[in-house]
Amino acid sequence: MEKQLIMFQNITIAVRAKNILEHAGIHGYVQKTPVSGNKPSCGYSLAVADNADKAVQFLREKGFIILGTRSVDG
Amino acid sequence: MIYLDNAATTFPKPLSVKNAVNNSFLYSANPGRAGHSMSIKAAQTLFDCRNNICRLFNFDKPENVILTPGCTFALNTVIKGVLNKGDHVVISSLEHNSVSRPLEMLREKGIISYNVAKVYEKDPDKTIDSFRNALRDNTKLVVCTHASNVFGIKLPVSRIGALCRYYGTLFCVDAAQTAGACDINIKALGADFICVPGHKGLYGPMGTGFLIINSDNIPESIIDGGTGSGSGDLKQPQMLPDKFESGTHNLHGFAGLTQGIDFVMKKSPLRIAQHEMRLTRRLYNELKSIKDVVLYTDEPENDHYVPLLSFNLDEVDPERVAMYLDKRFGIAVRAGLHCSPLAHRAFGTESVGTVRVCPSVFSTDYEIKKLIDAVFLLSKNKKISI
């Protein structure tokens, strides 16, 4: 099943995003951001199955810095 | 044991704190490093701690809560991370060595200079004048304790914060004796930095503390290393909290601190302070009636003091008083200078120190009565064998 990764700089921000989205009814889980190209990111992402666009917009409105989004199989 | 040394470290801890520490060993992976579920759970535990700290201090940026091994570490992070050559600092006359020693080290190296502003008991106007007069054109930072760890005197920190904003000076508050015993709203306080121990009024384990950064002036890091983030870059990450949290966290300690803060919030700092102040006032008034007991402040109340007090028994070494209380009655108090020579200098007690008594939320009238009776007995027979 495809899921969207919302990528953050660190785990603290990723966990904060997860908690805030849960209050807004959007559920996801924190995972390490996979390697992109040939560079390990050492960052963390929030994986969401649905409502990714809504989640990104919601988080940006809350002032979150989002490094990007990616579709991955999982 | 009747434990009245809570200004150093609170004892006992709530059962919820002990359980949280114990349970954290069931998932004690390294937080913020790996992606496996145990590591993520550990990271969630740290986040819960930051979140509880935000709730307690009415703050809304959990990533600006820096978890440290204690208040001293937090103060050093600010002092050494903010100051540069030629900067001037103002501190109060009641500072702990956690403030005065790092500053003195920087002064001896010729990096900074600092002034000491005298604190006037129950006279905030004079205290504010004192701080204003100590400021210079190159004053970059004002650091002061929220309340003396020796005499319990509170400083008018909100007004000092306003003074700092007016003069464009950074303001750092050492809340070692007030966190958990006073309502602290960091925004109303006007502080750029607030430094807090976890093991005192927040009833967490030793080895925990934190720094709240409420400022766009982010200090330089004083410890650099692995953070689990941006690992391909040899430069220290600048994002918070990672910039200040190199190395593995004290997960067990912060799991306990989260519950300690929960405990404090359920009781409320105001109610805790009322209970402790009632005991402190009883102690003050009873000690006052004992011949040869020396007290150093006016009768404490919550507006101007935190619930702790210092006393001496005329012609008796305070260390002997503390030993007598411990060995004969099982009462734990702390004697000496309490790591605050400036405060003792301000009260003329630097050559001997004092006996300090500090109740906690768990202290009882019975325990205070036992202490009063024991001091009374000693006052009647100062040569009593221990």
Side-chain angles (χ1 to χ4, degrees), chain A residues 1-49 52 55-74, chain B residues 27 29-55 59-67 210-213 216 221 225-246 248-249 251 254 258:
Chain A
M1 184 181 157
E2 191 176 78
K3 62 188 179 186
Q4 286 282 332
L5 294 185
I6 307 170
M7 297 181 282
F8 302 97
Q9 284 184 310
N10 62 25
I11 193 160
T12 306
I13 308 292
V15 173
R16 186 183 178 198
K18 172 179 171 285
N19 291 3
I20 282 181
L21 286 175
E22 272 175 3
H23 279 106
I26 300 172
H27 298 276
Y29 59 91
V30 175
Q31 67 165 68
K32 284 207 84 170
T33 303
V35 173
S36 175
N38 61 355
K39 195 176 178 188
S41 72
C42 270
Y44 284 83
S45 295
L46 185 62
V48 291
V56 168
Q57 186 185 344
F58 184 79
L59 291 172
R60 287 207 165 114
E61 283 170 4
K62 293 278 181 189
F64 279 78
I65 296 171
I66 295 168
L67 300 182
T69 58
R70 279 168 64 185
S71 295
V72 291
D73 288 328
Chain B
Y27 58 90
N30 210 321
R33 284 3 186 219
H36 55 74
S37 54
M38 209 153 80
S39 174
I40 300 291
K41 182 169 169 52
Q44 178 72 53
T45 297
L46 294 184
F47 185 82
D48 290 345
C49 189
R50 295 183 214 277
N51 220 21
N52 263 11
I53 291 164
C54 285
R55 286 169 60 210
F59 191 59
D60 57 4
K61 291 182 180 167
E63 62 273 20
N64 283 38
V65 174
I66 312 302
L67 303 177
F210 52 92
L211 159 66
I212 300 176
I213 299 178
D216 294 331
S221 55
T227 59
S229 53
S231 298
D233 195 342
L234 290 180
K235 290 180 184 165
Q236 184 74 359
Q238 295 302 298
M239 62 193 155
L240 302 183
D242 303 35
K243 180 175 183 179
F244 300 103
E245 294 187 0
S246 293
T248 299
H249 293 85
L251 175 74
F254 290 112
T258 306

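Quick note on labels: first sequence line is chain A, next is B, and so on, each numbered from 1.
Distance alone, capped at 3.5 Å, places no donor-acceptor pair between the Lys32(A) side chain and the His36(B) backbone.
Rounding to the nearest 0.5 Å gives a distance of 7.0 Å between CZ of Phe64(A) and CD of Glu63(B). Between atom CD1 of residue Ile65(A) and atom CE of residue Met239(B) there is a gap of 10.5 Å, rounded to the nearest 0.5 Å. Rounding to the nearest 0.5 Å places CG of Leu240(B) at 9.0 Å from CG of Asn10(A).
Per-residue counts of heavy-atom pairs under 4.5 Å with chain B were compared for Gln31(A), Lys18(A), Arg16(A); the largest is that of Arg16(A).
Contact of Asp60(B) with chain A is made through the backbone alone, with heavy-atom distances under 4.5 Å.
Just one residue in the list Asp242(B), Ile40(B), Thr227(B) forms a side chain to side chain contact (heavy atoms under 4.5 Å, CB included) with Ile11(A), and that residue is Ile40(B).
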